[in-house]
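Worksheet: one structure, shown below.
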Amino acid sequence: YIISPVLNVYCEFSDLKVQRYLLILFFGFQTVYGRAAPGVDTFSGGYSTISFIGLYLLMRYVRNTDCFIWKQPCVTNLVIFTIISLITTTLYVVGSWYHINQVSILYCYNWPFVIIASLYFFLTFRLLKFKNRIINWIASSAFAVYLLHTFPLVLQNYFKPTIQSIFTSWNGLEAGLITFLLLFSIFVIAVLLDQIRKFLWQMISNYI
């Protein structure tokens, strides 16, 4: 969010060919270098700022290009997403069955199949057009939800221990239901708290 204005300027003023080569080099480097040394992952499994930059630039490139690959019907994109997800799941199950080391990388955020599946999941909804004031109001606070439950003091001291306690104290169905209610509650609280942030920012922006 902080550096997105800089990334937007790059996307607006650089050639699409340059962007394409940069993305190929970036994701190739991330895939190889991110797994070159066992136990060392500079990209944090795709859960790092630099990995998010790569995803941001990828989505901007897809939105700006006229290539027919990115303009398939929603159903086609959904089928491709489902196929890739099934392949990934199958490989994971087989790898786990034969106790293959590092099989967990198949679900890392910087693994190529996960990135491609995410791309086609994005494309599935790209062409859908609908407007809803309530949905847009909630969506504008989506980042607040992320910030609340991943804030280190909340995540380590409360969120993770609570989730772990639920799954050790309740059976599968009950644990799933309680977890859903907890996540829903966190979502609502984050959205409501973000309204305070919006109000304060509106007051500040009036004097800027």
Side-chain angles (χ1 to χ4, degrees), residues 1-72 74 76-127 139 142-147 149-152 155-156 159-160:
Y1 272 74
I2 295 173
I3 64 177
S4 60
V6 178
L7 301 178
N8 289 336
V9 171
Y10 162 75
C11 293
E12 291 172 7
F13 291 95
S14 63
D15 186 76
L16 287 176
K17 183 177 181 181
V18 173
Q19 295 182 39
R20 181 168 63 251
Y21 286 143
L22 173 66
L23 289 170
I24 293 173
L25 290 173
F26 173 82
F27 286 110
F29 180 79
Q30 178 180 248
T31 301
V32 176
Y33 185 81
R35 299 298 166 186
V40 178
D41 185 1
T42 305
F43 295 92
S44 299
Y47 208 68
S48 63
T49 301
I50 189 172
S51 295
F52 288 141
I53 289 175
L55 288 176
Y56 188 92
L57 293 178
L58 174 63
M59 298 307 171
R60 278 299 304 265
Y61 172 78
V62 170
R63 290 187 63 178
N64 294 334
T65 186
D66 293 325
C67 181
F68 73 96
I69 297 177
W70 317 125
K71 297 186 179 298
Q72 300 300 315
C74 297
T76 302
N77 293 325
L78 183 60
V79 169
I80 296 175
F81 163 77
T82 304
I83 292 174
I84 296 175
S85 299
L86 289 175
I87 292 175
T88 302
T89 302
T90 302
L91 292 175
Y92 181 85
V93 171
V94 173
S96 300
W97 181 266
Y98 288 100
H99 304 288
I100 298 177
N101 294 330
Q102 301 295 323
V103 70
S104 60
I105 67 173
L106 294 172
Y107 279 125
C108 287
Y109 292 159
N110 61 347
W111 191 248
F113 278 17
V114 174
I115 294 173
I116 295 173
S118 302
L119 173 60
Y120 277 97
F121 188 74
F122 162 77
L123 292 173
T124 299
F125 296 95
R126 178 189 177 191
L127 299 178
F143 190 53
V145 180
Y146 170 84
L147 290 177
H149 85 273
T150 58
F151 184 63
L155 178 64
Q156 300 297 333
F159 186 71
K160 289 180 66 175

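Residues: numbered from 1 along the sequence shown. Computation of the quantities below employed the complete heavy-atom set of this structure, encompassing side-chain atoms and omitting hydrogens, waters and symmetry-equivalent molecules. In this text the structure is predicted, and so the values were computed from the model without any measurement.
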Would you be so kind as to tabulate the donor-acceptor pairs closer than 3.5 Å made by side chains of residues 111-120, with sequence neighbours excluded?
| unit_1 | atom_1 | unit_2 | atom_2 | d |
| --- | --- | --- | --- | --- |
| Ser118 | OG | Val114 | O | 2.7 |

Solution key, residues 64-72 side-chain donor-acceptor pairs under 3.5 Å, sequence neighbours excluded:
| unit_1 | atom_1 | unit_2 | atom_2 | d |
| --- | --- | --- | --- | --- |
| Asn64 | ND2 | Arg60 | O | 3.1 |
| Thr65 | OG1 | Cys67 | N | 3.4 |
| Gln72 | NE2 | Phe68 | O | 2.7 |

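For the atom pair Leu91 CG and Ser96 OG, the distance stands at 10.5 Å (nearest 0.5 Å). In this structure, the separation between OH on Tyr109 and CZ on Phe52 is 7.5 Å, given to the nearest 0.5 Å. Note that CG of Leu58 and CD of Gln19 are 10.5 Å apart. Values are rounded to the nearest 0.5 Å. To the nearest 0.5 angstrom, Phe125 atom CZ is 8.5 Å from Cys74 atom SG. With rounding to the nearest 0.5 angstrom, the CZ atom of Phe81 is 11.5 Å from the CD1 atom of Ile83. The distance from atom CG of Leu106 to atom OG1 of Thr88, rounded to the nearest 0.5 Å, is 6.5 Å.
Not one N or O on the side chain of Arg63 forms a donor-acceptor pair closer than 3.5 Å with the backbone of Arg126.
Applying the 6.0 Å contact sphere to CZ of Phe121 captures no more than 12 heavy atoms from other residues, nucleotides or ligands. Crowding of Tyr21 atom OH: a count of heavy atoms from other residues, nucleotides or ligands under 6.0 Å not exceeding 12. Atom CZ of Arg20 sits in a crowded spot, with more than 12 heavy atoms from other residues, nucleotides or ligands closer than 6.0 Å.
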Audit row: Thr89, Tyr107, side chain to side chain contact (heavy atoms under 4.5 Å, CB included) steps and yes/no: CA-CA 9 Å; Thr89 302; Tyr107 279 125; 2.9 Å; yes
side-chain hydrogen bond (donor to acceptor under 3.5 Å, both in side chains) evaluation trace for Ser104 with Tyr92: CA-CA 7 Å; Ser104 60; Tyr92 181 85; over 6 Å; no
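Of all non-hydrogen atoms in Ser51 and Phe26, the two that sit nearest each other are CA-CZ, 4.2 Å. Shown here for Leu123 and Val62, the closest heavy-atom pair between the two residues is CD2-CG1, 3.6 Å.
Ring planes of Tyr146 and His149: perpendicular class, angle over 60° (limits at 30 and 60°).
Taking the side chain as every heavy atom from C-beta outward, Leu57 and Tyr10 approach each other to under 4.5 Å.
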